[in-house]
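Lettering of chains follows the sequences in order, A, B, ..., and the numbering in each one begins at 1.
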2 protein chains.
Amino acid sequence: MTNDFSYKDKKVITIGIVRDLTGLSERQIRYYEERRLIFPERSPGGSRKYSFADIELLVEIANKIEDGVQTHEIRKEMLQAQKKQNQNEVRRKMIQGQLNAQFGLRKGPSS
Amino acid sequence: MTNDFSYKDKKVITIGIVRDLTGLSERQIRYYEERRLIFPERSPGGSRKYSFADIELLVEIANKIEDGVQTHEIRKEMLQAQKKQNQNEVRRKMIQGQLNAQFGLRKGPSS
DNA sequence: ACAATTGTGTAAGGTTTCCTGACATGGTTT
DNA sequence: AAACCATGTCAGGAAACCTTACACAATTGT
């Protein structure tokens with residue numbers, strides 16, 4: 001209802017392509033996963049699958065690492081950022097809920 | 001200059017994922033390529049790489065085939081559609097050219 | 001100062017995924 | 001009837017991916 005979740009977030013890209021697109025080594029990509037900075041999905045057979053969003057994230061990560069930031073630190077930053085993101089999400093939903101309560105669409109008996 | 005060519009057109013998806021996303025068999029997907037309905041890129045090693053746009057196209061193709069249209073016919077349709085598309089493109093560029101000639105931005109000596 | 005951790009390379013051995021080519025087949029066209 | 005269409009399937013081989021392990025310089029923590 002809230003989300004259009006388009007191409008950008010679909011996990012459909014294999015690690016080789018990610019390597020080519022980011023310039024990182026597969027080793028690095030897997031290591032950042034081990035440090036829980038990215039979370040690819042897996043194919044039934046076990047192959048990693050990334051999204052374009054993941055790729056963008058990887059580039060950001062790589063930049064920070066180049067600036068001497070440790071994975072540990074990066075992870076903290078990311079959790080921080082996500083927390084704020086969630087807070088906004090919650091506020092939005094609360095407001096939406098209130099609006100619905102006041103003027104809300106009733107659930108029609110059928111489509 | 002005209003094109004933002006985003007995620008949708010980047011050829012980054014392997015045939016297995018395309019199979020899963022479309023429900024077509026790999027055999028079918030390769031066959032439609034043989035009939036020149038789709039044009040994946042290749043990895044250095046020879047693996048096919050598709051875009052989301054390709055996937056959408058494949059679904060359309062599959063629908064037509066289900067309606068009994070032959071690949072040959074589908075190809076004609078596609079060429080037709082593309083021709084019109086190109087005509088529009090040309091017109092657009094012509095008009096743009098005229099505008100530039102009249103009021104045009106001159107090429108500044110530097111950025 | 002020394003121990004522990006970080007980030008990355010590399011190699012081995014194994015599994016999954018993809019490739020081409022070929023044969024088979026039931027429906028359509030011509 | 002001969003040719004073509006669309007698809008399945010099988011074989012053999014290559015590419016891509018996986019995990020585990022060892023190495024090592026550089027940095028961080030005690």
Side-chain angles (χ1 to χ4, degrees), chain A residues 10-52 54-80, chain B residues 10-52 54-80:
Chain A
K10 276 224 143 161
K11 309 246 182 184
V12 295
I13 308 178
T14 55
I15 197 170
I17 309 261
V18 175
R19 168 179 31 69
D20 295 346
L21 258 38
T22 62
L24 299 170
S25 70
E26 298 186 14
R27 183 67 165 94
Q28 289 174 302
I29 298 169
R30 294 201 188 98
Y31 180 66
Y32 302 151
E33 175 182 0
E34 185 182 326
R35 305 319 303 275
R36 286 161 309 162
L37 301 181
I38 42 171
F39 306 92
E41 291 180 359
R42 297 290 185 123
S43 80
S47 298
R48 274 167 261 252
K49 299 188 303 177
Y50 302 86
S51 68
F52 283 110
D54 290 331
I55 289 178
E56 292 188 1
L57 186 49
L58 275 170
V59 171
E60 287 180 39
I61 292 170
N63 286 337
K64 292 193 183 171
I65 291 224
E66 230 172 332
D67 295 350
V69 188
Q70 295 194 172
T71 51
H72 181 257
E73 204 54 40
I74 297 176
R75 180 165 159 78
K76 271 209 294 195
E77 290 175 23
M78 283 175 45
L79 290 177
Q80 254 340 81
Chain B
K10 277 225 144 165
K11 308 249 182 181
V12 295
I13 308 179
T14 54
I15 198 169
I17 309 259
V18 176
R19 169 178 31 68
D20 295 347
L21 258 39
T22 61
L24 297 171
S25 71
E26 299 187 13
R27 183 67 165 94
Q28 288 174 303
I29 298 168
R30 295 201 187 98
Y31 180 66
Y32 301 153
E33 176 182 0
E34 185 182 325
R35 304 317 304 270
R36 285 162 311 164
L37 301 181
I38 43 171
F39 306 92
E41 290 180 0
R42 295 291 183 125
S43 82
S47 297
R48 273 166 262 250
K49 299 188 303 179
Y50 302 85
S51 68
F52 283 110
D54 289 333
I55 289 178
E56 292 188 359
L57 186 49
L58 275 171
V59 171
E60 287 181 39
I61 292 169
N63 285 338
K64 292 192 184 172
I65 292 224
E66 231 172 334
D67 294 349
V69 187
Q70 298 195 169
T71 53
H72 181 258
E73 204 54 39
I74 297 177
R75 180 164 159 79
K76 272 209 294 192
E77 289 175 24
M78 283 175 46
L79 291 177
Q80 248 348 74

For nucleotides 5-7 of chain D, tabulate all protein N/O to nucleotide N/O atom pairs closer than 3.5 Å, reporting atom names and distance.
{"from": "D/dA6", "atom 1": "OP1", "to": "B/Thr71", "atom 2": "N", "distance (Å)": "2.8"}
{"from": "D/dA6", "atom 1": "OP2", "to": "B/Tyr31", "atom 2": "OH", "distance (Å)": "2.9"}
{"from": "D/dA6", "atom 1": "OP2", "to": "B/Arg35", "atom 2": "NH1", "distance (Å)": "3.3"}
{"from": "D/dA6", "atom 1": "OP2", "to": "B/Thr71", "atom 2": "OG1", "distance (Å)": "2.5"}
{"from": "D/dT7", "atom 1": "OP1", "to": "B/Gln28", "atom 2": "NE2", "distance (Å)": "3.1"}
{"from": "D/dT7", "atom 1": "OP1", "to": "B/Tyr32", "atom 2": "OH", "distance (Å)": "3.3"}
{"from": "D/dT7", "atom 1": "OP2", "to": "B/Tyr32", "atom 2": "OH", "distance (Å)": "2.7"}
{"from": "D/dT7", "atom 1": "O4", "to": "B/Arg27", "atom 2": "NH2", "distance (Å)": "2.9"}

ask   = Of all nucleotides in DNA chain C with an atom under 4.0 Å from a non-hydrogen atom of chain A, which is the first and which the last going 5' to 3'?
value =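 The contact span of chain A on DNA chain C goes from C/dT6 to C/dT17.
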
For [X], all residues meeting side-chain hydrogen bond (donor to acceptor under 3.5 Å, both in side chains), sequence neighbours excluded:
X: A/Ser51; result: A/Asp54
X: B/Arg19; result: B/Glu26
X: B/Glu56; result: A/Tyr7, B/Lys8

request  = Could you check how far CD of A/Glu26 sits from C1' of D/dT20, rounded to whole Å?
outcome  =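 For the pair A/Glu26 CD and D/dT20 C1', the rounded distance is 16 Å.
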
ask   = Once you round it to whole Å, what is the distance between P of D/dA16 and NZ of A/Lys49?
value =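 The answer, rounded to whole Å, is 19 Å.
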
message = According to salt bridge (Lys or Arg N to Asp or Glu O under 4.0 Å), does anything in residues 63-75 of chain A pair up with another residue at least two apart or in another chain? List the pairs.
response =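 For residues 63-75 of chain A: A/Lys64-A/Glu77.
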
query = How would you list all residue pairs meeting salt bridge (Lys or Arg N to Asp or Glu O under 4.0 Å) that involve residues 33-49 of chain A, not counting sequence neighbours?
reply =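 Of all non-adjacent pairs touching residues 33-49 of chain A, those that pass salt bridge (Lys or Arg N to Asp or Glu O under 4.0 Å) are A/Glu33-A/Arg42, A/Glu33-A/Arg48.
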
Please name the pair of heavy atoms, one in [X] and one in [Y], separated by the smallest distance, quoted to 0.1 Å.
X: A/Ile61; Y: A/Ile38; result: CD1-CG2, 4.2 Å
X: A/Met78; Y: A/Leu37; result: CE-O, 3.3 Å
X: B/Val18; Y: B/Tyr50; result: CG2-CD1, 3.6 Å

message = Can you list, in residue-number order, the parts of residues 13-23 of chain B that come under 4.0 Å of DNA chain C, counting heavy atoms only?
response =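 Going residue by residue through residues 13-23 of chain B, the ones with a heavy atom under 4.0 Å of DNA chain C turn out to be B/Thr14, B/Ile15, B/Gly16, B/Arg19.
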
ask   = Closer than 4.0 Å, any side-chain N/O of B/Ser43 to the OP1 or OP2 of D/dA16?
value =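 Looking at the OP1 and OP2 atoms of D/dA16, one of them is under 4.0 Å from a side-chain N or O of B/Ser43.
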
Atom [atom1] in [X], atom [atom2] in [Y]: separation rounded to 0.5 Å?
X: B/Leu24; Y: B/Ile65; atom1: CG; atom2: CD1; value: 9.0 Å
X: A/Ile17; Y: B/Ser43; atom1: CD1; atom2: OG; value: 7.5 Å
X: B/Lys76; Y: B/His72; atom1: NZ; atom2: NE2; value: 6.0 Å
X: B/Thr22; Y: B/Leu57; atom1: OG1; atom2: CG; value: 11.5 Å
X: B/Lys11; Y: B/Phe52; atom1: NZ; atom2: CZ; value: 13.0 Å

message = Show me, range against range, the stems involving DNA chain C, built from at least 3 consecutive Watson-Crick or G-U pairs below 3.5 Å.
response =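 DNA chain C forms these stems: C:1-30 with D:1-30.
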
